[in-house]
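Keep in mind it's a predicted model, so treat the numbers as computed, not measured. So that the names make sense, note that chain A is the first sequence line, chain B the second, and so on, each numbered from 1.
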4 protein chains.
Amino acid sequence: MRSETQTVDQSRPSFIEQARRAQIIDCAIEAIAELGFAQASLAQIAKRAGVSTGVTLYYFSGKDELIRAVAAHVFRTGEAFIRPRVDAQEGPAGALATFISASVAFIAEKPALPRAMMNIMRAGVDQGGGPRFDPGITAARREGFESILAWGQREGVFRPFDVRVMAATIIEVLDFIPSRLALEPDLDLTAYAAELVELFRRATRADDPAKE
Amino acid sequence: MRSETQTVDQSRPSFIEQARRAQIIDCAIEAIAELGFAQASLAQIAKRAGVSTGVTLYYFSGKDELIRAVAAHVFRTGEAFIRPRVDAQEGPAGALATFISASVAFIAEKPALPRAMMNIMRAGVDQGGGPRFDPGITAARREGFESILAWGQREGVFRPFDVRVMAATIIEVLDFIPSRLALEPDLDLTAYAAELVELFRRATRADDPAKE
Amino acid sequence: MRSETQTVDQSRPSFIEQARRAQIIDCAIEAIAELGFAQASLAQIAKRAGVSTGVTLYYFSGKDELIRAVAAHVFRTGEAFIRPRVDAQEGPAGALATFISASVAFIAEKPALPRAMMNIMRAGVDQGGGPRFDPGITAARREGFESILAWGQREGVFRPFDVRVMAATIIEVLDFIPSRLALEPDLDLTAYAAELVELFRRATRADDPAKE
Amino acid sequence: MRSETQTVDQSRPSFIEQARRAQIIDCAIEAIAELGFAQASLAQIAKRAGVSTGVTLYYFSGKDELIRAVAAHVFRTGEAFIRPRVDAQEGPAGALATFISASVAFIAEKPALPRAMMNIMRAGVDQGGGPRFDPGITAARREGFESILAWGQREGVFRPFDVRVMAATIIEVLDFIPSRLALEPDLDLTAYAAELVELFRRATRADDPAKE
DNA sequence: TATGAATGAGTATTCATTCAT
DNA sequence: CATGAATGAATACTCATTCAT
C-alpha cells in the first residue's frame, strides 16, 4: 500500500505508521465531508493533520489510495456499528427494520463518515461510469443485505420481490440521508427512520401476514 | 444569451446560435455523463463538439451558465416526457405508478440526460451543501410530486405517511437508476420499473383498500 | 489608417467613415475613462457604440491605432480649448496663469477626455519605457509650453530656471488632476486652479518684479 | 506568508523562503519597471527568476499579494533612505529641500524601485479609481509630508498655501521623475533636484523672509 | 521519517484579431 | 459596409506528485 519509491519496512506496519495513517484518514474524512471531494486537496488534508503534504504521499502512494483507504475505513466502521445490531435479530423482518434504523443511527452518530463516503462515491466516477474508489464496498454491502431479504423470502415473511432491486433501493435511500441532513441539519432522524422502517415493512411483507 | 463581453444581444438568437448552443449542450451532457462532472472540463466539451474552447465561452458566459443550461434542458426534456403521461391519469394511485414508470421510461430512452443531471447535482454543491446549478429544479420536482401524494391521502387512497419523506425517497430511488444503468448496461428497465411500482404501491396504499 | 486587408476608397474618407470613426473614438474615451485601460476591451467599446467588434477593426487597423486616434483626438480637443485662451494673453505671466487655469477648466468641462488620456498614457508603456500611444503629443505639448516660459525669461519676467524642468513639472502637475478628481469628485477645481496659479507664479517670477 | 493551500505557516520563515521571496520581489520589480504593470505577468516574473510559475504562487498566495509585497518593499526601502535625511534637518525649509533632494537621490540610486512603484500605482486602480495595491502607502507619504508643510506654516517660514494641494503637487512631481528618467537615461538628476528644490522653495516661502 | 521546495499539467476565462458571409 | 462566428494565445491560479535534504 505504501509508495513504492520509498523504502519502508514491507513486512508489518509499525505503530507509528498505523497511527499516522489513521490520523491522515481522519483528517481526510473531515475535509471531504466539509469541503466536498473536489475541494479536499492533499494540501488541505495535510494541513488539517498538521503535517506536510509529503507525509501524506509517504504513507499513501497517491491520492487514489488515500481515498480508497478512507472509503474502506468508513465501510468498516459502519459495518462494526450496524452488523452486530442486525445479527442480534431473530427474524428477517426485525433484521430489515434494524438494518434501516441502525444505519440511520450510525449517520446520526458520526455524520462526517457517511457524508465523506457519499462525496467520494459521487465525485469519483471512472470513465466507464464505475466508481473509482470502491474496493468492492458497494457490492459487499448489497450482498450482505440481499441475504437478509432472501432469508425473509425463504421464510415466507417477505413477498416475492426482486431481491436485487429491493436491496439496491433500500441502500440508496439510506445513502441519500447524509446529503439531506447537510441541507437540513435539524432533520428529525428518529422520525425519518421510523418512516422508512414502516415504508419498507409494507413494501416487503408477504400478503398473508399470518406468519410474521 | 451570448457572453456580454463579446457582443450585443440583439432581439432574438440567430439560427446558427441556437444550433451551436444546442450542440454544445449536447456535448456537455455527453461529457458529463461519461466522465463525471469534475472531469468534464470546457476543453473536453469543446473537443467533443469539434470546436475551440473559446466557442463555448462565446455562447455561454461561463461554465456555470453552460451547466445551468444543461440542467434546464434536461429538466425540460424530462418534464415534457413525464408530465403528460402523469396528467392523463385520473386517480392518485395511477398517477404515482405512472410517474415511476414514465420516469424509468425516460431514463431508458435518453439515459445520458438524467445521468448528466445526476452528476451535476451531486458534484455541484456549494460549500453549505446546497446545489449550485439548480434553478429551482429539485424543489419544483419534489413539490409537484408531493401534490400527488397529498391528493392520494385526501382521497383516502394513500395511508397517512409523511409526504415529504415519501416524496424524497421515491425521487431519490428514481434518480439513482442512471448510475445503476451505467454499471449494468443490460439492466432490464421494464422489470425494474414494475418492481418499483409495486414496491411503492404497497408502501403508500391505505390499509383499507376498499376505496382504491 | 484603415485596415490594409480591406478595400476601401483610399483617397478621401467618406462622411460615414468619419462619423463612424468619431463615434467609436467617443465610445472608446468613455470606456477607457470609466473602466480603465486594461478593462476597456474592443468588445466593450464596440458594445457602447452599438456596433459589432468587427466594425472597430474595419475603421482602425488594430487596437493600437484606435488608441492612438483617441489620444490624438483628446490632444486636439484640449488644444482647441486651451490655446486660444493662452494666445489672447499679452504677457508671459498671464499666458502661464491662463495655461494653468484653462487646463483645469478643460478638465472640469470634459473630465472624461483627460481621464482617458491619463489611463492610456499610464498603461501603455513600450518595453523600452516609452509611451506606446503617443504620436508626439507629449513632445508637442511640452515644446509649446516651453516657448511661453522662454518668452517670459527673454522678457525678464521669469527668473532663469531650467525651462525644460519647469515645463515638465507644470504639465505633470496638471495631468495629475484627473486622477485626483476621480478619487475626490467633489474637489473644488476653481480653488485648485487658483492654488496652482499662485504656486507657479511664485516659482517662476523674477526676483525683481518691477518689470512685470 | 506562504500560500495557505500549500503548507502551514510554521513559526518563522526559513532562510530559503526569505531568499526566494526577496528574489521574486526583485524580479517582479525589474519586470514591472521594464514592461509596465500590465505586461508583467507571473510567467514573465518567474521566467526572470529562472523558476516555474508555480514557485511564485508557492511563496505568494496570488498576484495581488506579490504586488503588495513589492509595493511594501519599495516603500520601506525608500522610507529608510529618505526619512533619516529629512529628520536630521532642524527647520521646515531644510526638511522640505531635503525631502526633495533625497527623493531624487533615491531615484538616482535605485531607479527600478520607484519606477515599478509608479507603474503599480498608476495601473492598479480598482473600478472606482482607488489604488488596489496601496497598503496605506500613499496616504502615509502624503500625511508625513503634509506635517512638514504645516510645521513651516506654523513657524511662519512658509506662506499660507493649501497644504493638501502643495503636498500632492510636490509628491506627484517627484513620482513623475522615474518615467522621465526612463525616457531620458542621461538626465542630470542632480541638476533636476536643484531646480525642484529652488522651485518649491520659492513656491512655499513666506513673503517676509525675515524669519527664515 | 518527515519536510518543504519545486514542477508541470490542467483549469476557467479574456481578448485582439481574422474571415466568410 | 457590417456582422457574428471562430480562433489561439495569454492570464492567474490549483494541485497531485517528485525529490533533495
Nearest-Å distance for atom pair OH/C1', residues A:Tyr58 and F:dA20
15 Å
CG of D:Leu35 versus P of F:dT11: gap in Å, rounded?
11 Å
Using atom CD1 of D:Ile16 as one end and atom P of E:dA5 as the other, report the distance to the nearest whole Å.
6 Å
Centroid-to-centroid, B:Phe37 to A:Phe37, below 6.0 Å?
no
Keeping the roles fixed (side chain from A:Arg122, backbone from B:Arg122), state whether a donor-acceptor pair exists under 3.5 Å.
no
Pairs counted only when both distances fall under 3.5 Å, Watson-Crick or G-U: show me the 5' to 3' dot-bracket for DNA chain F, [ ] for pseudoknotted crossings and | for other-strand partners.
.||||||||||||||||||||
Do B:Leu42 and B:Phe60 come within less than 4.5 Å of each other through their side chains, counting heavy atoms only?
no
F:dG4 phosphate, OP1 or OP2, under 4.0 Å from B:Arg20 side-chain N/O:
no
Does the side chain of B:Ile45 come within less than 4.5 Å of B:Thr53's, by heavy atoms?
no
Please give me the minimum heavy-atom distance between A:Ala40 and A:Ile32, naming the atom from each residue.
CB-CG1, 3.7 Å
Please write out each protein N/O paired with an N/O of nucleotides 9-13 of chain E under 3.5 Å, distance rounded to 0.1 Å.
unit_1, atom_1, unit_2, atom_2, d
E:dT11, OP1, B:Ser41, OG, 3.3
E:dA12, OP1, B:Leu42, N, 3.2
E:dA12, OP1, B:Lys63, NZ, 3.2
E:dA12, OP2, B:Leu42, N, 3.1
E:dT13, OP2, B:Lys63, N, 2.6

Test item: B:Ile137 and B:Val74 side chains (from C-beta on) under 4.5 Å apart, heavy atoms
no
Salt bridge (Lys or Arg N to Asp or Glu O under 4.0 Å) contacts touching residues 22-31 of chain D (sequence neighbours left out):
D:Glu30-D:Arg48
To the nearest angstrom, the CZ-C1' distance between C:Phe37 and E:dA16 comes to 12 Å
Whole-Å distance, A:Arg21 CZ to E:dT1 P, equals 13 Å
Which nucleotide wins on minimum distance to the side chain of B:Tyr59, given the candidates E:dT7, E:dA5, F:dA6?
F:dA6
Atom-to-atom span, NZ of C:Lys47 to C1' of E:dT14 - whole angstrom:
14 Å
D:Arg115 side chain to D:Ala33 backbone, donor-acceptor under 3.5 Å:
yes
Separation of B:Phe15 atom CZ from F:dG4 atom C1', in whole Å?
15 Å
Quick one: C:Ile24 CD1 to F:dC1 C1', roughly how many Å, whole number?
12 Å
Between C:Arg20 and the options C:Glu17, C:Gln18, C:Gln23, the side chain to side chain donor-acceptor pair (under 3.5 Å) test singles out C:Gln23
